[in-house]
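Shown next, in structure tokens, is the structure this report addresses.
Remember, it's 1-based here, ligands and their atoms both numbered in the order they're listed. Keep in mind that the numbers below use all heavy atoms, side chains included, and drop hydrogens, waters and symmetry copies. Position 1 is the first residue of the sequence, and the numbers go up from there.
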Amino acid sequence: MTDLPIYPLTDEHKMLRDAARDFAQKEIAPIAADFDESGEFPNATVKKMGGLGFMGIEVPEQYGGAGMDALAYVLALEEICKVDAAHGVIMSVNNSLYCHGILKFGAEEQKLKFITPVASGGSIGAYSLTEPQSGSDAGTMRDRAVRDGDSYVLNGRKSGSPAGPVADYFVVFMMTDPAKKQKGVTAFLVEGNTPGLVRGKKEPKLGIRASATSEIIFEDCRIPAENRLGEEGEGFKIAMTVLDAGRIGIATQALGIAEAAYEAARQYAGQREAFGQPIGTFQGTGFKLADMKTRIEASRLLIYNAALAKEKSKKTGGRYSLEASMAKLFASETSMFVTHQAVQIHGGMGYSKELPVERYFRDAKITEIYEGTSEIQRLVISRSELGLR
Ligand code: CAA
């Protein structure tokens with residue numbers, strides 16, 4: 001990657017980025033295709049990533065994290081995603097959707113209890129918002145939490161939770177007062193071994209297959225009232241605030257996938273000959289490479305910009321929804337564009353499982369869907385521009 005002069009990296013940034021690159025190439029690259037094929041959750045490498053501090057990069061050291069900034073987080077995540085997007089989403093969800101939310105909205109005891117084991121790498125966190133009948137319109141959820149003395153009793157069904165089959169802890173959003181609609185949503189922290197928390201079957205899927213997504217079913221699942229995150233009715237705002245951070249992670253995932261596909265296509269275009277010359281020397285291929293590279297670098301700028309906006313918001317408290325949504329929208333659509341072109345440049349080899357290019361193509365698609373579809377990102381951006389948010 002280019003060290004863009006407008007975002008000079010510190011020595012600490014570079015050390016973390018190099019450590020993530022080294023780990024990804026040595027430990028993840030040799031197993032990525034097999035785990036994609038089997039769809040098994042890569043427990044051992046995920047635990048090792050945790051041990052290296054990759055699961056809580058922005059979490060302060062007193063809660064087991066690496067205590068670094070938002071730019072450090074995207075630099076490390078990009079390196080993991082260049083090698084395997086499934087490991088990437090597991091890292092993104094743990095850092096952004098799980099740790100970041102508790103750090104921002106949790107009480108001190110909650111931070112110690114629920115962040116420390118995840119940020120220090122021993123345990124895995126997950127995020128459950130979506131339901132079978134409530135996706136982009138997240139405020140319409142039906143799952144219920146009812147207060148009963150010193151407890152809440154949770155009932156319902158959440159879908160699409162990455163790491164759902166294996167996670168040790170969940171941030172879960174439930175309706176506590178349906179009459180209030182969005183303002184009746186509340187967030188909870190749930191331990192994975194709580195009676196009544198049932199893991200549904202692993203969902204078969206197109207890409208990021210090793211990240212093991214499943215339904216999580218709540219059947220009279222009783223949790224202590226002290227596990228409520230924030231106040232009753234604050235859940236929708238918590239979910240949305242956390243998704244702003246999550247969207248920077250998914251944008252970075254999209255960037256990493258695109259970079260891997262681009263590099264494969266660039267090398268192939270230099271080596272593969274047709275009609276007596278390398279295919280890269282044909283304008284039809286060369287111009288494809290030019291567009292791929294330009295969109296990748298533009299994605300990187302939007303992502304670094306969003307990371308800096310997030311960092312600033314830690315001090316000012318302001319929102320960075322616009323920056324996060326622009327980064328996710330552009331990077332995810334770039335990832336689809338680049339992986340599509342990379343398959344085309346590889347011809348029949350791009351369609352074959354002998355090379356990772358077809359995996360990059362399958363993995364890229366989800367980045368346009370989860371943590372807010374491209375349509376939702378356009379909604380957030382246009383509302384912000386029109387002063388409607
Ligand atoms: N930060 C803080 N507050 C926010 C916010 C944000 N980013 N976005 C909205 N809010 C607040 C608003 O200010 C408003 O508060 P007030 O009523 O006090 O003014 C309240 O929330 C409601 O806002 P809206 O009226 O804008 O809400 P809406 O119903 O129109 O929804 C939306 C807005 C952008 C469409 C939102 O519902 C959305 O982002 N939907 C997509 C959900 C999503 O991304 N789901 C993915 C789930 S996770 C996943 O994919 C799996 C995985 O983990 C990988």
Which of these, [options], has its nearest heavy atom closest to [atom]?
atom	options	result
atom 5 (C) of ligand 1	Met240, Lys181, Glu234	Met240
atom 12 (C) of ligand 1	Gln377, Lys237, Lys183	Lys237
atom 37 (O) of ligand 1	Gly139, Ser92, Gly164, Ser136	Ser136

With a 3.5 Å distance limit and no angle check, can you tell me whether His100 reaches the backbone of Leu97 through a side-chain donor-acceptor pair? no
Which of the atoms of ligand 1 are close to [X], meaning less than 4.0 Å from one of its heavy atoms?
X	result
Leu243	43 (C), 44 (O)
Tyr370	50 (O), 54 (C)
Leu97	53 (O)
Thr130	47 (C)
Ser321	7 (N)
Gly372	43 (C), 44 (O), 46 (C)
Gly160	51 (C)
Gln182	22 (C), 27 (O), 28 (P), 29 (O)

Taking 4.0 angstrom as the limit, do [X] and [Y] come out as a salt bridge?
X	Y	result
Glu297	Lys293	yes
Lys26	Asp22	yes
Asp244	Lys310	no
Glu37	Arg209	no

Are any of the N/O atoms on Arg383, whether in the backbone or the side chain, positioned under 3.5 angstrom from an N/O atom of ligand 1? yes
Identified ring-ring contact (aromatic ring centres under 6.0 Å, His included) counterpart of Tyr127 within the set Phe188, Tyr98, Phe173, Phe170: Phe173
For the residue pair Arg295 and Phe337, would you count it as a cation-pi contact if the rule is NZ or CZ under 6.0 angstrom from the ring centre and within 45 degrees of the ring axis? yes
With backbone taken as N, CA, C and O and side chain as the heavy atoms from C-beta onward, which portion of [X] lies under 4.0 Å from ligand 1: side chain, backbone, both, or neither?
X	value
Thr373	neither
Pro162	side chain
Val380	side chain
Arg247	side chain

Residue pair Tyr370 / Gln253, side-chain donor-acceptor N/O under 3.5 Å: yes
Qualifying residues under ring-ring contact (aromatic ring centres under 6.0 Å, His included), relative to Tyr73, sequence neighbours excluded: none
Under 3.5 Å, side-chain donor or acceptor atoms of residues 282-290 against the rest of the protein: list the pairs with distances, not counting sequence neighbours.
from: Thr285; atom 1: OG1; to: Ile279; atom 2: O; distance (Å): 3.2

